[in-house]
J.: 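The structure that follows is given in the form of structure tokens.
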Amino acid sequence: MKDFTFEQIVTHLKTSGYVFQGSEIYGGLSNTWDFGPLGASLKKNIKLAWWKKFIQEDLNNVGIQSAILMNPEVWVATGHLANFSDPLIDCKHCKSRYRADQLINQVTNGTVNTDEMKDDDMVRYIRENNIACPKCGAHDFTDIRKFNLMFKTFQGVVEDASSAVYLRPETAQGMFVNFKNVQRTMRKKLPFGIGQIGKSFRNEITPGNFIFRTREFEQMEMEFFCKPGDDDYWYPYWRQFCMDWLLKLGLTEENLRFRDHTPQELAFYSKGTADIEYKFPTISWGELWGIADRTDYDLKRHMDHSKQDLQYLDPYTNEKYVPYCVEPAVGVERLFLAFVCDAYDEEILTRADGKQDTRIVMHLHPALAPIKAAVLPLTKNETEKAKEVYAQVVKYYDAVYDESGNIGKRYRRQDAIGTPFCITVDGDTANDGSVTVRFRDSMEQERVRIEDLKEFIGSRIEF
RNA sequence: GCGGGUGUAGUUCAAUGGUAGAACUUUAGCCUUCCAAGCUAACCACGCGGGUUCGAUUCCCGUCACCCGCUCCA
């Protein structure tokens with residue numbers, strides 16, 4: 001029924017104070033985006049909503065905030081330092097780009113084990129076996145160019161190898177390396193989860209689709225630890241929990257689906273991985289949320305490399321074991337985009353004079369709306385009273401005050417940015433102490449006493 | 001990174017080898033007063049840097065950014 005293009009929605013976000021191009025006055029910087037006042041508020045609300053359901057309201061779970069910069073050994077342990085760099089080669093003839101290991105695997109049908117090969121070995125293998133470009137058949141490849149997906153920088157004043165550090169490519173490792181700290185200080189028994197929200201950085205080869213894939217992004221991840229075997233219960237549990245959360249916040253069911261990874265797709269350490277995908281306008285299905293059964297892979301790797309014992313002593317059975325872990329990981333910007341795409345609508349209205357005009361409305365869940373309420377004096381006679389009401393409302397909720405233009409225009413402005421409630425102060429307000437609340441979605445109105453506004457709004461932004 | 005396309009006010013579109021017009025938006029005022037009305041003003045642009053030229057927004061080169069295709073994933 002709704003049929004808008006991705007571009008339409010992006011334009012609206014850019015022109016209404018949600019998202020700006022990064023470093024715009026300097027001509028921008030590729031694939032960087034800044035969040036304006038509304039975008040920052042929406043992001044904040046998404047994160048609050050996640051934290052509330054996944055951490056605050058869940059007896060088992062706790063939240064942390066770990067450092068972006070970590071000891072580089074962490075990335076040795078996880079394999080990011082070795083494997084996160086793709087060995088890329090280009091065909092000089094037709095300019096196609098391949099991953100050297102995949103090219104060899106493809107041509108040899110996997111009979112050659114590239115895992116053990118170094119870059120030079122692969123280049124030599126390609127040359128000696130006269131491997132041709134699958135596209136154009138030429139035998140003219142560039143050397144391998146390493147493309148490490150981790151951002152590298154230096155800590156301290158000296159830029160040498162010993163001071164190299166990396167911006168984390170995922171927040172997960174902050175949870176794994178703090179497993180013992182959290183378990184001990186919070187006196188946690190299995191099962192329990194550690195969650196966090198924070199920025200991650202990946203030097204993606206191909207970012208794009210607006211804020212869908214960027215090199216700097218924010219993740220909301222949880223590592224849920226349980227007894228080996230119990231993951232058979234918890235993996236589907238969290239898989240469904242994440243979906244329910246999205247539905248509760250108003251995403252359209254038809255635009256959501258699970259995509260379970262096939263056995264061939266699974267990372268070797270994973271017992272199961274499911275993506276929750278969202279159907280974006282124009283760009284269609286894209287991954288929103290990954291829920292993975294990571295077994296004991298990460299903790300074991302860290303045990304090996306750190307020489308620390310990360311086993312859990314089960315107080316009921318006195319068994320010692322390395323917990324299994326289920327990880328729901330979601331990108332904030334992607335969620336942002338999904339919520340906004342789902343909420344965007346243009347309605348055709350017929351005006352009093354018979355002319356038609358278009359109302360842009362963002363039907364965001366009130367819990368997510370960047371501005372909860374706009375306080376509007378009906379005429380300039382009510383500005384003083386309206387400012388008083390505004391001062392009361394803004395103590396509890398994100399609110400704006402607007403007195404410019406006629407009342408209908410001000411309603412429309414709020415519709416376009418997704419404000420669920422407009423509070424209109426009129427001539428009667430001073431006498432009866434009440435205001436008109438106008439609803440974004442239905443455009444209906446209700447009279448509310450000023451002292452009831454806090455509860456009135458509060459009960460409607462709950463989810 | 002490679003190939004293809006695009007680049008004029010905040011937005012959507014014009015025009016032009018002699019430095020740009022409009023609509024909507026925004027701001028102020030009048031009028032009206034519960035759904036983008038009307039009137040009067042104001043503000044605002046040739047992505048950036050070179051070259052050719054007496055003169056470049058226009059032609060050429062480079063660069064930057066965005067969009068579409070090849071890889072990855074939240």
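Here is how names work: the chains are called A, B, and so on, in the same order as the sequence lines, proteins then strands, and each is numbered from 1.
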J.: Heavy atoms under 4.0 Å, any strand shown: does A:Asn31 hit a base, just sugar-phosphate, or nothing?
T.: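 Sugar-phosphate, backbone atoms only, no base.
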J.: What is the pairing partner of B:rU52, taking Watson-Crick or G-U wobble pairs with both distances under 3.5 Å in any strand?
T.: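 Base partner found: none.
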J.: Mind calculating the distance between CZ (A:Phe212) and P (B:rA74) to the nearest angstrom?
T.: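 Atom-to-atom, A:Phe212 to B:rA74, this comes out as 11 Å.
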J.: Both A:Thr32 and A:Thr11 contact RNA chain B. Taking the nearest nucleotide for each, which residue is further toward the 5' end?
T.: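 Whichever sits nearer the 5' end wins; that is A:Thr11.
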J.: So what does A:Tyr26 touch, heavy atoms closer than 4.0 Å: a base, only the sugar-phosphate, or nothing?
T.: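 The residue A:Tyr26 makes no contact with any strand.
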J.: Could you check which nucleotide pairs with B:rU19 in any of the strands shown, counting Watson-Crick or G-U wobble with both distances under 3.5 Å?
T.: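 Here B:rU19 is not engaged in any pair, so there is no nucleotide opposite it.
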J.: If the cut-off is 4.0 Å, is A:Lys409 near the phosphate of B:rU26, judged by side-chain N/O to OP1 or OP2?
T.: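 Looking at the OP1 and OP2 atoms of B:rU26, one of them is under 4.0 Å from a side-chain N or O of A:Lys409.
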J.: Rounded to whole Å, please give me the gap between CD in A:Glu333 and P in B:rC73.
T.: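 Rounded to the whole Å, the gap is 18 Å.
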J.: Choosing from B:rC73, B:rU33, B:rC35, which nucleotide comes nearest the side chain of A:Glu287?
T.: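 Nearest to the side-chain atoms of A:Glu287, counting from C-beta on, is B:rC73.
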J.: Taking the same atom, P, in B:rA41 and in B:rU57, what whole-Å distance lies between them?
T.: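 About 31 Å, rounded to a whole number of Å.
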J.: Any donor-acceptor pair under 3.5 Å joining the side chain of A:Asp426 to the base of B:rC34?
T.: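 Checked by distance alone, the answer is yes.
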J.: State which of B:rG29, B:rC35, B:rA74 makes the closest approach to the side chain of A:Ala329.
T.: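 Selected nucleotide: B:rA74.
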J.: May I ask you to establish whether A:Lys52 and A:Phe463 are in a cation-pi arrangement, using a distance under 6.0 Å from NZ or CZ to the six-membered ring centre and at most 45° from the ring axis?
T.: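 Output yes; distance and angle both within limits.
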J.: Just call it for A:Gln219: base, sugar-phosphate, or nothing, with non-hydrogen atoms closer than 4.0 Å on any strand.
T.: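 A:Gln219: backbone/sugar contact only, no base atoms under 4.0 Å.
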J.: Between A:Arg413 and B:rC35, does any side-chain N or O lie under 4.0 Å from OP1 or OP2?
T.: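 Indeed not, no polar side-chain atom of A:Arg413 lies that close.
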J.: Does a donor on one side chain sit under 3.5 Å from an acceptor on the other, for A:Glu403 and A:Thr383?
T.: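 Side chains of A:Glu403 and A:Thr383: no pair found under 3.5 Å.
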J.: Taking only the side-chain nitrogens and oxygens of A:Asn209, find out if one of them lies under 4.0 Å from OP1 or OP2 of B:rC68.
T.: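 Looking at the OP1 and OP2 atoms of B:rC68, one of them is under 4.0 Å from a side-chain N or O of A:Asn209.
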J.: Between B:rA36 and A:Asn406, is there an OP1 or OP2 to side-chain N/O distance shorter than 4.0 Å?
T.: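 Checking B:rA36 against A:Asn406, no side-chain N or O comes under 4.0 Å of OP1 or OP2.
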J.: Between B:rU58 and B:rA74, how far apart are the two C1' atoms, rounded to whole Å?
T.: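 Between the two C1' atoms, the distance is 45 Å.
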J.: Whole-Å distance between B:rC31 C1' and A:Ile407 CD1?
T.: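 It is 17 Å, rounded to the nearest whole Å.
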J.: Answer yes or no for A:Lys44 and A:Phe35: cation-pi contact, defined as NZ/CZ to six-membered ring centre under 6.0 Å and angle to ring axis within 45°.
T.: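 Not flagged: A:Lys44 not positioned over aromatic ring of A:Phe35.
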J.: Could you give the distance separating B:rC66 and B:rC73 at their P atoms, to the nearest angstrom?
T.: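 Taking atom P in both B:rC73 and B:rC66, they lie 23 Å apart.
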J.: Rounding to an integer number of Å, can you tell me how far A:Lys14 NZ sits from B:rU12 C1'?
T.: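 These atoms are roughly 15 Å apart.
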J.: Rounded to the Å, how far apart are A:Ile25 CD1 and B:rG10 C1'?
T.: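 About 16 Å, once rounded to whole Å.
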J.: Does B:rG7 have a Watson-Crick or wobble partner in any strand here, with both distances under 3.5 angstrom, and which is it?
T.: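 B:rG7 is paired, partner B:rC64.
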J.: Between A:Phe280 and A:Phe212, does the ring centre distance come in under 6.0 Å?
T.: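 When the ring centroids of A:Phe280 and A:Phe212 are compared, they turn out to be within the sub-6.0 Å range.
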J.: With a non-hydrogen cut-off below 4.0 angstrom, is A:Phe336 in contact with a base, only sugar-phosphate, or nothing?
T.: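 The residue A:Phe336 makes no contact with any strand.
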J.: Could you give the distance separating B:rC39 and B:rU6 at their C1' atoms, to the nearest angstrom?
T.: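 After rounding to an integer number of Å, I get 40 Å for this pair.
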J.: Closest approach to the side chain of A:Gln21, judged atom by atom: which nucleotide of B:rC34, B:rC66, B:rA36 is it?
T.: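 Nearest listed nucleotide: B:rC66.
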J.: Which word best sums up how the rings of A:Phe176 and A:His302 line up, parallel for under 30°, tilted for 30 to 60°, or perpendicular for over 60°?
T.: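 It falls in the tilted class, 30° to 60°.
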J.: Which nucleotide, B:rC66, B:rA74, B:rC35, lies nearest any side-chain atom of A:Trp33?
T.: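 Given the options B:rC66, B:rA74, B:rC35, the side chain of A:Trp33 is closest to B:rC66.
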J.: May I ask you to check whether A:Phe179 and A:Phe192 place their ring centres under 6.0 Å from each other?
T.: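 Yes; A:Phe179 has its ring centre under 6.0 Å from that of A:Phe192.
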J.: In the structure shown, which nucleotide is the Watson-Crick or G-U wobble counterpart of B:rG1, with both distances under 3.5 Å?
T.: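 Result: B:rC70.
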J.: Would A:Phe217 count as stacking on B:rA74 if stacking means ring centres less than 5.5 angstrom apart and planes tilted under 30 degrees?
T.: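 Yes.
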J.: Between A:Gln8 and A:Thr11, do the side chains contain a donor N or O and an acceptor N or O under 3.5 Å apart?
T.: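 The answer is no; no qualifying pair exists.
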J.: Between A:Arg359 and A:Asp415, is the closest basic N to carboxylate O distance under 4.0 Å?
T.: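 A salt bridge is present here (some side-chain N lies under 4.0 Å from a carboxylate O).
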J.: Under 4.0 angstrom, heavy atoms only, what part of the nucleic acid is A:Thr436 near: base, sugar-phosphate, or nothing?
T.: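 The answer is base, as A:Thr436 lies within the cut-off (heavy atoms under 4.0 Å) of a base atom.
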J.: A:Thr214 near the nucleic acid: base, sugar-phosphate alone, or nothing, with a heavy-atom cut-off under 4.0 Å?
T.: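 Base contact.
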J.: Under 4.0 Å, heavy atoms only, any strand: does A:Leu288 hit a base, just the sugar-phosphate, or nothing?
T.: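 Sugar-phosphate: the residue A:Leu288, judged by heavy atoms under 4.0 Å, touches backbone atoms but no base.
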J.: Which value, rounded to the nearest 0.5 Å, describes the distance between A:Met175 atom CE and A:Gln196 atom CD?
T.: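 Taking CE in A:Met175 and CD in A:Gln196, the distance rounds to 5.0 Å.
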J.: On the nucleotide B:rU26, are OP1 or OP2 found under 4.0 Å from the side-chain N or O atoms that A:Ser404 carries?
T.: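 So the side chain of A:Ser404 is outside the cut-off, no N or O lying under 4.0 Å from OP1 or OP2 of B:rU26.
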J.: Say you pick atom P in B:rU63 and the same atom in B:rG5; how far apart are they, in whole Å?
T.: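 B:rU63 and B:rG5 have their P atoms separated by 16 Å.
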J.: Tell me if the side-chain of A:Arg359 makes a donor-acceptor pair with the base of B:rC35, cut-off 3.5 Å, by modelled atom types.
T.: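 No, the side chain and the base share no sub-3.5 Å donor-acceptor pair.
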J.: Please give the distance between the P atoms of B:rA20 and B:rC46 as a whole number of Å.
T.: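 So the two P atoms sit 11 Å from each other.
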J.: In whole Å, I'd like the distance from the CE atom of A:Met150 to the C1' atom of B:rC72.
T.: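 Going from CE in A:Met150 over to C1' in B:rC72 covers 15 Å.
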J.: What is the ring orientation for A:Phe224 with A:Trp234, classed by angle as parallel under 30°, tilted 30 to 60°, or perpendicular over 60°?
T.: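 A:Phe224 vs A:Trp234 ring planes: tilted.
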J.: Out of B:rG10, B:rC72, B:rC68, which has the shortest distance to the side chain of A:Thr15?
T.: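 Selected nucleotide: B:rG10.
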J.: When both hydrogen-bonding distances must be under 3.5 Å and the geometry is Watson-Crick or G-U wobble, what is B:rC46 paired with, if anything?
T.: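 Partner of B:rC46: none found under 3.5 Å.
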J.: Roughly how far apart, to the nearest Å, are B:rU27 and B:rC43 at atom C1'?
T.: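 Their C1' atoms lie roughly 7 Å apart.
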J.: A:Phe439 or A:Asp402: which one's nearest nucleotide on RNA chain B is closer to the 5' end?
T.: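 Nearest nucleotide further toward 5': that of A:Asp402.
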J.: Does any N or O donor sit under 3.5 Å from an N or O acceptor when you compare the side chain of A:Arg438 with the base of B:rC35?
T.: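 Yes, the side chain and the base share a sub-3.5 Å donor-acceptor pair.
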J.: Could you work out the separation of B:rG10 and B:rC30 based on their C1' atoms and round it to a whole Å?
T.: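 Pairwise C1' distance, B:rG10 against B:rC30, rounds to 26 Å.
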J.: Measure from CG on A:Leu376 to P on B:rA36 and round the result to the nearest Å.
T.: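 Rounded to whole Å, this separation is 14 Å.
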J.: To the nearest Å, how far apart are A:Arg334 CZ and B:rC72 P?
T.: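 It is 14 Å, rounded to the nearest whole Å.
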J.: My understanding is that a pair needs two contacts under 3.5 Å, Watson-Crick or G-U wobble. By that rule, which nucleotide pairs with B:rG38?
T.: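 Its partner is B:rC30 (Watson-Crick or G-U wobble, both distances under 3.5 Å).
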J.: So, applying ring pair (Phe, Tyr, Trp, His ring centres under 6.0 Å) with A:Trp33, which one of A:Phe336, A:Tyr18, A:Phe20, A:Phe210 is it?
T.: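 That would be A:Phe210.
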J.: Give each protein N/O atom lying under 3.5 Å from an N/O atom of nucleotides 47-51 of chain B, with the pair distance.
T.:
none

J.: Would you please classify the geometry between the A:Phe241 ring and the A:Tyr237 ring as parallel, tilted or perpendicular, with 30° and 60° separating the classes?
T.: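 Plane angle under 30°, so parallel.
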